[in-house]
Amino acid sequence: MSTETIPGTDTRQHTDTRRDSDTRPDLSTGDGDHDRFAHYVVKDKIVDSAVTGTPVMALCGKVWVPNRDPKKFPVCPECKEIYESLPEG
């Protein structure tokens with residue numbers, strides 16, 4: 001299997017013996033644009049993460065252990081869109 005990032009996109013191309021090629025969005029949780037945003041997470045999960053060091057998952061799917069002041073970053077547009085589409089309550 002080989003993985004290659006397509007230049008100028010957030011898309012990776014994966015190839016293996018079962019398929020000729022498979023193109024899908026890059027959903028990696030590594031360094032990148034997701035690290036430049038403050039993300040929406042269930043409040044209780046943030047407290048648990050602070051105590052235990054357990055990773056949290058943002059509404060957009062990013063998984064990480066929060067360790068920075070979110071007030072220093074703009075809100076993730078994907079998280080904001082998902083949050084605003086949720087029913088109140």
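As a basis for the values below, the full set of heavy atoms in this structure was taken, side chains included, without hydrogen atoms, waters or symmetry mates. Residue numbers run from 1 in the order of the sequence given.
- Scanning for ring-ring contact (aromatic ring centres under 6.0 Å, His included) contacts around Phe73 gives an empty result, with sequence neighbours left out.
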Determine whether Val75 and Phe37 satisfy the following criterion, side chain to side chain contact (heavy atoms under 4.5 Å, CB included), listing intermediate values before the conclusion.
CA-CA 5 Å; Val75 173; Phe37 295 114; over 6 Å; no
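- Among all heavy-atom pairs drawn from Pro74 and Arg36, the shortest one is CD-O, 3.5 Å.
- Scanning both residues, Cys79 and Ala58, for their nearest heavy atoms gives SG-CB, 3.9 Å.
- Nearest approach of Pro70 to Ala38, heavy atoms of both residues: O-CB, 3.4 Å.
- When the side chain to side chain contact (heavy atoms under 4.5 Å, CB included) test is applied to Asn67, no partner is found at least two apart in sequence or on another chain.
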List the atom pairs, donor and acceptor, that lie under 3.5 Å between side-chain atoms in residues 40-50 and the rest of the protein, sequence neighbours left out.
residue, atom, partner, partner atom, Å
Ser49, OG, Thr54, O, 2.8

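- Closest approach of Pro55 to Val63, counting heavy atoms only: CB-CG1, 3.8 Å.
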